[in-house]
2 protein chains.
Amino acid sequence: MVGIEEVAKLAGVSTATVSRALSGRGHVSPASKAKVEDAATRLGYVVSSNASSLASGRTRNIGVVIPFLNRWFFSSVLEGAQQALLRHGYDLTLYNLAGDGRERSSVFEHFLLRQRVDAVVAVSLELTEHEVQRLHDLGKPLVGVGGPIPGVRTLTIDDVAVARLATEHLIALGHRRIAHIGGDLEFDLDFHLPTNRRLGYEAALRDVGVEPDPRLFAPADFTIAGGYHAAKQLLGVPHDRPTAIFAASDEMAIGSILAARDLGMVVPRDVSIVGIDDYDLSEFFGLSTVAQFPRGQGEKAVEILMEQLEPGPDAAPPAATPLPFELRVRSSTAVPPER
Amino acid sequence: MVGIEEVAKLAGVSTATVSRALSGRGHVSPASKAKVEDAATRLGYVVSSNASSLASGRTRNIGVVIPFLNRWFFSSVLEGAQQALLRHGYDLTLYNLAGDGRERSSVFEHFLLRQRVDAVVAVSLELTEHEVQRLHDLGKPLVGVGGPIPGVRTLTIDDVAVARLATEHLIALGHRRIAHIGGDLEFDLDFHLPTNRRLGYEAALRDVGVEPDPRLFAPADFTIAGGYHAAKQLLGVPHDRPTAIFAASDEMAIGSILAARDLGMVVPRDVSIVGIDDYDLSEFFGLSTVAQFPRGQGEKAVEILMEQLEPGPDAAPPAATPLPFELRVRSSTAVPPER
DNA sequence: TTGAAAGCGCTAACAC
DNA sequence: GTGTTAGCGCTTTCAA
């Protein structure tokens, strides 16, 4: 293990200068900076992050707390965050809180306070006020992705607007009997995402004078299989079946496409289907959808943290810019069948 | 920030004793151990991992290097590893090497040597001899998942045997014209997984006196869309079409099921389809498959590292136990159509 | 079994 | 712009 002292010796400067030259803080003459960098690479020197952290109080590491790893939205956010962090020279330590709440509190009490991270990104996790407070007291920046945490800067798409857009797409095509597959109550605990999407759907309908019909709502669990079963219920009725389905996620929408096919229906001739996400498989299935951009959300979360950890020259407080979303019309939506 | 000194004071012992009591190394009388633990919890004391690492040389953190986050196999391995590490009180820092090779070498040179990790898990990554050597020199244990790394303990299923099992399942049902959708060359760079699976397929056929027909092979990219297109080619021929398809992954197998449906065929009446993985959606599609258990692979990788980092009483060298796999017969395979 | 004290390798005042 | 030096908070000899 080559240490800072050896670099200092080889470069003919003090350890302090080496530290300054390599970290970029404090002023160093170009000449000695060059000498130091040269010596460092020649010796294969890399700072010990522990020693550095201990002395400086900064770890250059951020914690990401996330409930799932194997679902599209979450892994995409993670990927975006990871990539952005790498660019900034930060490491990412991962805390997957899939399990119950016991594991969770231990993670919080320990890792945060073990001084391992400079900041944390909480993905779709409802933090208690206590947890938020603790982070705040320690001066650790915190940003949420996917759902408002009271008192915390959080990135979420406007679920009401997204759902409204998807529904309006169907309405513009001439649909009026539009079913909705949304989340069940269990999913509403975090952030009311299902409720908000349902609200947007209902608002769009009311705008054109259609009163939402509760019989046209089916709950599901955000998976393809769940969407499949829900759509079978919705489309299997003998009379007055809907001409379109708006599913609160692409996975459920894809399940709906498969259900329609199994019922002998042709999409979009017999039924139009639209989702939200722009999931991996959506293009393959020709699914019309409102895209959200989870990778971008992960990146943006990191940018916000960086702004707080290393304030740039323009100390613009990160405005609450809304997250982008975008209607992508593919081949699962069309005018309703003639009747 | 409450430090060790305060705990020592409250417990009426020295900091050395606090350290010993809390870390479990060295002997401490039960009496003082209790006092220390009591004091620690009362003060909400948690060791500073940096200070501890600096002094002891151990970080209690392991690095996981992985090329994708948003694919089933990889996120499952990661989840398994994360969970196992949590149980052992270790943190996981994530290095996603999705990008090109530049990013990759920088990760290696820096993070490993920045003393951030005690060991590393490399998932489906071919390390250069140099990289392996560096880790070795630093005394950092390394274990691979998903492909042999020369000179390194690595967990891989026996791809030849798995493919043979899948193929034999079809043969036992009476199939002889069995097509294979495998990886293209690009995927073979790492670990020859596609080649090995093809070898197993061919061996099974030869065992029953069938010479593999190269026209029954189609390459694809391990995605549903890729499998779909490959299967269309295979099944679209007017004469002598295969009665079964063995796909080298479940995603490609599911694509094949969808392709068969689009060609008006009924699975398994007109064509049987089998995959490898037991992917998320496989059950939903009724896909027969050979399950591998990536979560378990992640866990096992961690157990092996733990054995090296904290040798237990029974210093049994971890035998090269083969990884489990298992045929799961569902509804995508049946006897071939009468002809 | 316990305590005193010397570092672990670096950073950041502070002085020049 | 650069060097000196006192820590950062813990672990671990070493001696008692």
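Each chain gets a letter, A, B and so on, in the order the sequences are listed, and its residues count up from 1.
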* Ignoring the backbone of S48(B), work out which of dG9(D), dA4(C), dT2(D) is nearest its side chain. => dG9(D)
* Does T17(A) have a side-chain nitrogen or oxygen under 4.0 Å from the phosphate oxygens OP1 or OP2 of dG1(D)? -> no
* To do: Consider the side chain of S29(A), meaning its heavy atoms from C-beta on, and name the nucleotide among dC10(D), dC10(C), dG1(D) that approaches it most closely.
  => dG1(D)
* Taking only the side-chain heavy atoms of R58(B) (C-beta and beyond), determine which of dC10(C), dT12(D), dG3(D) contains the nearest atom. => dT12(D)
* Asked: For the pair made of CZ in R20(B) and C1' in dG3(C), what is the distance, rounded to whole Å?
  -> 8 Å
* Can L78(A) and L94(A) be said to form a side-chain contact (heavy atoms from CB on, under 4.5 Å), step by step? -> CA-CA 9 Å; L78(A) 184 59; L94(A) 179 66; 3.9 Å; yes
* Structure fact -> K9(B) atom NZ is separated from dG3(C) atom P, nearest whole Å, by 14 Å
* To do: Would you tell me if any nitrogen or oxygen in the side chain of S14(A) comes within less than 4.0 Å of OP1 or OP2 on dG3(D)?
  => yes
* Asked: Rounded to the Å, how far apart are H27(B) NE2 and dT2(C) P?
  -> 11 Å
* Compare the minimum distances between each of dC10(D), dT12(D), dC10(C) and the side chain of V47(B), then state the nucleotide with the smallest one. => dC10(D)
* Asked: Between atom CD of Q292(A) and atom CG of D158(A), what is the distance when rounded to the nearest 0.5 Å?
  -> 11.5 Å
* Nearest-neighbour nucleotide for the L54(A) side chain, dT11(C), dG9(C), dT1(C) considered -> dG9(C)
* Would you mind classifying the nucleic acid contact of R25(A) as base, sugar-phosphate or nothing, using non-hydrogen atoms under 4.0 angstrom? => sugar-phosphate
* State plainly whether the residues E310(A) and R25(A) are in salt-bridge range, i.e. N to O under 4.0 Å. => no
* Structure fact -> Closest to the 5' end of DNA chain C, once P30(B) and S56(B) are matched to their nearest nucleotides, is P30(B)
* Asked: Would you find a donor on one side and an acceptor on the other, under 3.5 Å apart, between the side chain of N61(A) and the backbone of V117(A)?
  -> no
* Asked: Do any N or O atoms from the side chain of R60(A) and from the backbone of H88(A) form a donor-acceptor pair under 3.5 angstrom?
  -> yes
* Worked verdict on S124(A) versus F73(A) for side-chain contact (heavy atoms from CB on, under 4.5 Å) -> CA-CA 10 Å; S124(A) 290; F73(A) 178 81; 4.0 Å; yes
* Asked: Given dG9(D), dC8(D), dT2(C), which nucleotide is nearest the side-chain atoms of A55(A)?
  -> dC8(D)
* To do: Give the nucleotide from the list dG3(D), dT11(D), dT11(C) with an atom nearest to the side chain of S52(B).
  => dT11(D)
* To do: Report the distance from atom OH of Y45(A) to atom P of dG9(C), rounded to the nearest whole Å.
  => 10 Å
* Classify the nucleic acid contact of V18(B) as base, sugar-phosphate or nothing, counting any heavy atom under 4.0 Å across all strands shown. => nothing
* Atom pair distance, as rounded to whole Å: CG in N50(B) and P in dT11(C) -> 12 Å
* To do: Ignoring backbone atoms, establish whether S32(B) has a side-chain N or O less than 4.0 Å from OP1 or OP2 of dT2(C).
  => yes
* Closest nucleotide among dT5(D), dA4(C), dC10(D) to the I4(B) side chain -> dC10(D)
* To do: Whole angstrom is fine here: how far is it from CD in Q115(B) over to P in dC8(C)?
  => 13 Å
* Structure fact -> Quick note, A51(B) side chain, CB onward, closest among dA4(C), dC10(D), dA12(C) is dC10(D)
* To do: Can you tell me the distance, in whole Å, between the NZ atom of K33(A) and the P atom of dG1(D)?
  => 12 Å
